[in-house]
Structure formats: structure tokens, C-alpha cells
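Chain A is the first sequence line, chain B the second, and so forth, proteins listed ahead of strands; every chain is numbered from 1. All heavy atoms count here, side chains included; hydrogens, waters and symmetry mates do not.
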2 protein chains.
Amino acid sequence: MSTRIAKQRSAMRKEPQQARSRATVETIVQAGARVLSDEGWSGFTTNRIAELAGVSIGSLYQYFPDKLSLVDAIRHRHLDDSITVMRKVRADGLPPAEFAAQLVQAMVAAHSVYPGLHRVLLDEAPSSEEYRDPNSEFEIEYLSYYAEAVATYRKRSPNAAYHVAGRMISDAIDGVIHNAARRGAIDDLAMQRELVRLIALYLGETG
Amino acid sequence: MSTRIAKQRSAMRKEPQQARSRATVETIVQAGARVLSDEGWSGFTTNRIAELAGVSIGSLYQYFPDKLSLVDAIRHRHLDDSITVMRKVRADGLPPAEFAAQLVQAMVAAHSVYPGLHRVLLDEAPSSEEYRDPNSEFEIEYLSYYAEAVATYRKRSPNAAYHVAGRMISDAIDGVIHNAARRGAIDDLAMQRELVRLIALYLGETG
DNA sequence: TAAAAATGTGAGCAACTCTTCACATTTTCT
DNA sequence: AGAAAATGTGAAGAGTTGCTCACATTTTTA
């Protein structure tokens, strides 16, 4: 359902071939995401994941060469989903307030399945080089997205200054969403309204 | 140097009495903060801390009954320092832009020693009840601080709506600072300027 | 249907974790 | 100075973790 962005570096040990094993891998990835979201990196133990997935620890290691490759698989999937959601909201033509409202709604939606996952993937879980790279395809597309939005409302073409502004507002949004998720208050409408106002004000200001 | 906010729950096992042992405890706490900031909760092992502090593991357990009590000591110290810094910046009389500038400067300063510490303490490290409590003295003072700032510029007295707004802008600032710290770019002046603009715009808007 | 390939299992090893405790050293007290 | 108190040490026990491997079961192939 989601567009793959880049080939995974630490590939799977063995590609599942039959429907049964593909289901097994799917179950493992989902169990991993659940554990990561609910209990953080320190709760992310291979035995725990296998237990929650209802498969033996041996099955997990049939397809994932080590713990890190499993995190990478989860991260890969999550980033794909995030980008997909974001691509749907574009600034063209929309007034700042409306763009902000749609963006916040998309962000909230992206965090409603595994509220803690994004934060844990970003902050706690170790990542392979591919994802630490500030010039990774994902980082570039993500940053450009915000820089473009800022440039649109500043009525200029994206430049270095707008990249700084884009990253800043992106980090601010991230902070609000992430702290709301931590308190289990991601659906707080009053909070969402204030966040929309914050974004709209910042973008609307013709600096 | 810092005002104690609340008595610690999980006290020390034994109070250091001589100058030598007080220095030992100090070294351990600092080593702990360093490890927590640099390597996160998963790197925070008692043996590692003792090694970095240059004392034996036995010495650590002479004063701290367990690992958690050491985290609590570090957290306690960090919260004291944060509040102390924040108390110095008040909104009274200052135009929004100037208040925002001082606030950002204070936040940057508070994160320049152990850039990752705040985030790890908030998100990764387990905490005793005292600190998880959303009605803890710290949380209340922290929230009131922002609610007051919002109310000041909205020219009304703090109420429930301003608490929501206060928390939102606080979380936004937190996100920017925290993501900058993660990239090692907490001193980026361009970023700081944009953050100041964001805060000033939001506070200046008479909703 | 029989062989081959794919998939699933879980006891257990090596490495690491937190913590204790019997003991050695240093400082303070009388 | 000698005794008592405070401080410092690190080997080792009990528990947990990532991961392997010899083997059992299921599915596909011929």
C-alpha cells in the first residue's frame, strides 16, 4: 500500500516465499511496532516480540539477521507511511490557516495507530547509517516539503533561509505532537486548534 | 547553588559525611548525567557509570540503593536548574519579541551542558511517581509560567484556555530545542532567530 | 506418493546486567 | 597512639538478553 522510498540496507536473512511465512513476518513487524510504541526501546527484546507475535524466537531469526534489522524494517515502513500521508497535503492555493489545519490533521492521523512509535524511532532506537544520514532521501524530501510551504507563503522560491525556517517549524510541530502523544492526549481538540494557530501565524507572516 | 523544590522520595542509602565522600557522590552524579546525555538510557549501566566516574561499583552502591535512585538524583538536580533559569525571565513589561528572545536564550543555555539530558529524562528514563505526577510542584510551576506569559500578552488573567495554549507553545519550544540538541546544532543562531519569531508571533497575537 | 524445499521450534550458550558482601584503606575521635 | 567510624574495593551470584542450531513439521515439487 505504501511506496518504497529506498532499498533497505540490512536486508532480510531470507525472503519469505510462501503465504504462511509472509504472514509470520508481518505479525513480527507489527508486534515489534507495538512493543516499541508502548514500551520503548528498552522493552524491545527479541524474546518479548516473538512471544507477543505468537511465534518462536527461532522464527524471528529465520528472517531477521539481528535485532537492528528488525528495527530498520519497522522504521522503513513508518517513514513510508509518514511521507505518504504528508504528500497529500500541499500548500498551493490554500490560505495558511487551512493548510495548517490539514497538516495538523494529517500528523495526528499518522500518530494515532502507534502514538509512541515516531518518537522512539527518532530518539531511542539505534538506526543504521542509512537513516542517520541527514542527506537521506527521506530527510531531503521531508525538509523540502516544509521549506516549500514556507517559501509559498513568503512568496519567494525556496532557499537556504527557508530551509532553516522549515526545519524549525517542523521541529515545533513535532514537539507538540510528540508531547501530546506521551500524555495520551493526541486527540485533544483544544491543543490541535492552538497548534493550527501557531503554524498559520508563522506561515502567514510575510517576513 | 540551586533551590530544592521537593524532598526526594527514594533517599540516599547513606549520607556522605566527609569531604572525600561528598566529592565521590558528586563525581558519580556527574558521570551519570554525562552517560545519560551522551548514550541514553540504554547506555546508563551502573558499571559504566562507576568506571567513567573512576570509582568502584561498590562505592556507587554505598550511597545509592539502586539504579533508579541515581536517575532520580540526576533528574532532581536537572529540574532545579531548569526552574532556576526560567524564573529569571518574566514577561512583565517586555514586548513579546524581547521576552521570546530572552526565553530562547535561557533555554539554549540550560541545554548547553548536557544537550541530551532533558530529552532522555523526559522520554526514556523511568521515573519514580513523584516526577510522573502531572500535578507535581514542578509541572505546576512550569505550566503556570507559560500560561501566565500567554495571559499577559492576551491581557487577561490566566484561565484554562491559556493553560492549553501555554502547554502547546511550551511543547513547541521543547521540540525545537530538543531536535536541535539531537543534531548538535543547539547554537545555530539562524534557528534561534526563527524560534524567537515563532514565539513572538504567537504571543503577540491578541486572540 | 516420495523426495526436496520451506517453515517452525525452543533449550541453551555466551555475554551482559544489577547488586551484594567480605574485606582493605583512610579519616576521625579519644 | 590506638580504637572506632567512614569510605573504598572488586570478585561473584542471580537474572536477563541476543542469538544459534539440531531438529520437527508443513508445503511444494517431480
Side-chain angles (χ1 to χ4, degrees), chain A residues 10-36 38-75 120 124-128, chain B residues 10-32 35-36 38-75 120 124-128:
Chain A
S10 56
M12 303 191 70
R13 166 173 297 184
K14 190 203 290 181
E15 208 64 32
Q17 313 224 329
Q18 308 175 358
R20 181 166 59 124
S21 52
R22 255 175 274 130
T24 300
V25 169
E26 178 64 26
T27 312
I28 292 171
V29 171
Q30 279 180 20
R34 161 109 296 137
V35 171
L36 222 44
D38 291 354
E39 310 180 31
W41 173 247
S42 64
F44 191 79
T45 71
T46 50
N47 287 297
R48 172 97 181 73
I49 294 157
E51 187 199 346
L52 187 67
V55 303
S56 89
I57 180 65
S59 290
L60 191 156
Y61 280 95
Q62 286 261 324
Y63 302 100
F64 300 97
D66 52 28
K67 205 167 112 150
L68 241 148
S69 71
L70 177 53
V71 187
D72 261 14
I74 296 169
R75 192 190 310 270
V120 171
E124 294 191 44
S127 51
S128 60
Chain B
S10 56
M12 304 192 69
R13 166 172 295 185
K14 191 203 289 180
E15 209 64 32
Q17 314 223 329
Q18 308 175 357
R20 179 166 60 123
S21 53
R22 255 175 274 129
T24 299
V25 169
E26 178 63 26
T27 312
I28 292 170
V29 171
Q30 280 180 19
V35 171
L36 222 43
D38 290 354
E39 310 180 31
W41 173 248
S42 65
F44 190 79
T45 71
T46 50
N47 288 296
R48 173 95 182 76
I49 294 158
E51 186 199 347
L52 187 67
V55 303
S56 89
I57 181 64
S59 289
L60 191 156
Y61 280 94
Q62 287 261 323
Y63 303 100
F64 299 96
D66 52 29
K67 205 169 112 153
L68 242 147
S69 71
L70 176 53
V71 186
D72 261 15
I74 296 168
R75 192 191 310 269
V120 172
E124 293 191 46
S127 50
S128 59

Contact list please: residues 21-36 of chain A against DNA chain C, heavy atoms, distance less than 4.0 Å, in numerical order.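 Those residues are A:Ser21, A:Thr24.
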My understanding is that only residues two or more places apart in sequence, or in another chain, count here; which of them pass side-chain contact (heavy atoms from CB on, under 4.5 Å) with A:Ser42?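 A:Ser42: side-chain contact (heavy atoms from CB on, under 4.5 Å) contacts with B:Trp41.
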May I ask you to say what B:Tyr63 touches in the nucleic acid, namely base, sugar-phosphate or nothing, with a heavy-atom cut-off under 4.0 Å?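 Answer is sugar-phosphate: B:Tyr63 comes under 4.0 Å of backbone atoms only.
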In whole Å, what is the span from the CD atom of B:Glu15 to the C1' atom of D:dA5?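 Between C1' of D:dA5 and CD of B:Glu15: 16 Å.
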Could you tell me the separation between the CD atom of A:Gln18 and the P atom of D:dT27, rounded to a whole number of Å?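 That distance rounds to 8 Å.
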Sequence neighbours left out, what passes ring pair (Phe, Tyr, Trp, His ring centres under 6.0 Å) with B:Tyr61? Give chain and number order.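 B:Tyr61: no ring pair (Phe, Tyr, Trp, His ring centres under 6.0 Å) contacts found.
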Under the rule for ring pair (Phe, Tyr, Trp, His ring centres under 6.0 Å), what residues qualify as partners of B:Tyr63, not counting sequence neighbours?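 Ring pair (Phe, Tyr, Trp, His ring centres under 6.0 Å) check on B:Tyr63 returns nothing, list empty.
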With a 4.5 Å heavy-atom cut-off, do A:Ile49 and A:Phe64 have their side chains touching?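 Side chain of A:Ile49 against side chain of A:Phe64, heavy atoms only: no contact under 4.5 Å found.
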If a protein heavy atom is under 4.0 Å from the base, mark B; if only from the sugar-phosphate, S; if neither, -; do that for nucleotides 13-22 of chain D going 5' to 3'. ----SBBB--
Locate the shortest heavy-atom distance separating [X] from [Y]; write the atom from each residue and the value.
X        : Y       : result
B:Thr46  : B:Lys67 : CG2-CG, 3.8 Å
B:Arg22  : B:Gln17 : NH2-O, 2.7 Å
A:Ala125 : A:Arg75 : O-NH2, 3.6 Å

Give the first and the last nucleotide of DNA chain C, reading 5' to 3', that has any atom under 4.0 Å from a heavy atom of chain B.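 Listed 5' to 3', the contact boundaries are C:dT17 to C:dT28.
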Anything under 3.5 Å between a donor and an acceptor, one on a side chain of residues 24-33 of chain A, the other on a protein residue two or more places apart or in another chain? List them.
unit_1, atom_1, unit_2, atom_2, d
A:Thr24, OG1, A:Arg20, O, 3.1
A:Glu26, OE1, A:Arg77, NH1, 3.2
A:Glu26, OE1, A:Arg77, NH2, 3.1
A:Glu26, OE2, A:Gln30, NE2, 2.7
A:Glu26, OE2, A:Arg77, NH1, 3.1
A:Thr27, OG1, A:Ala23, O, 2.7

Can you list every pair that meets side chain to side chain donor-acceptor pair (under 3.5 Å) and has a residue in residues 48-60 of chain A, with sequence neighbours left out?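 Non-adjacent pairs meeting side chain to side chain donor-acceptor pair (under 3.5 Å): A:Glu39-A:Arg48.
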Partners meeting side chain to side chain donor-acceptor pair (under 3.5 Å) with B:Asn47 (sequence neighbours left out):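 Side chain to side chain donor-acceptor pair (under 3.5 Å) list for B:Asn47, sorted by chain: empty.
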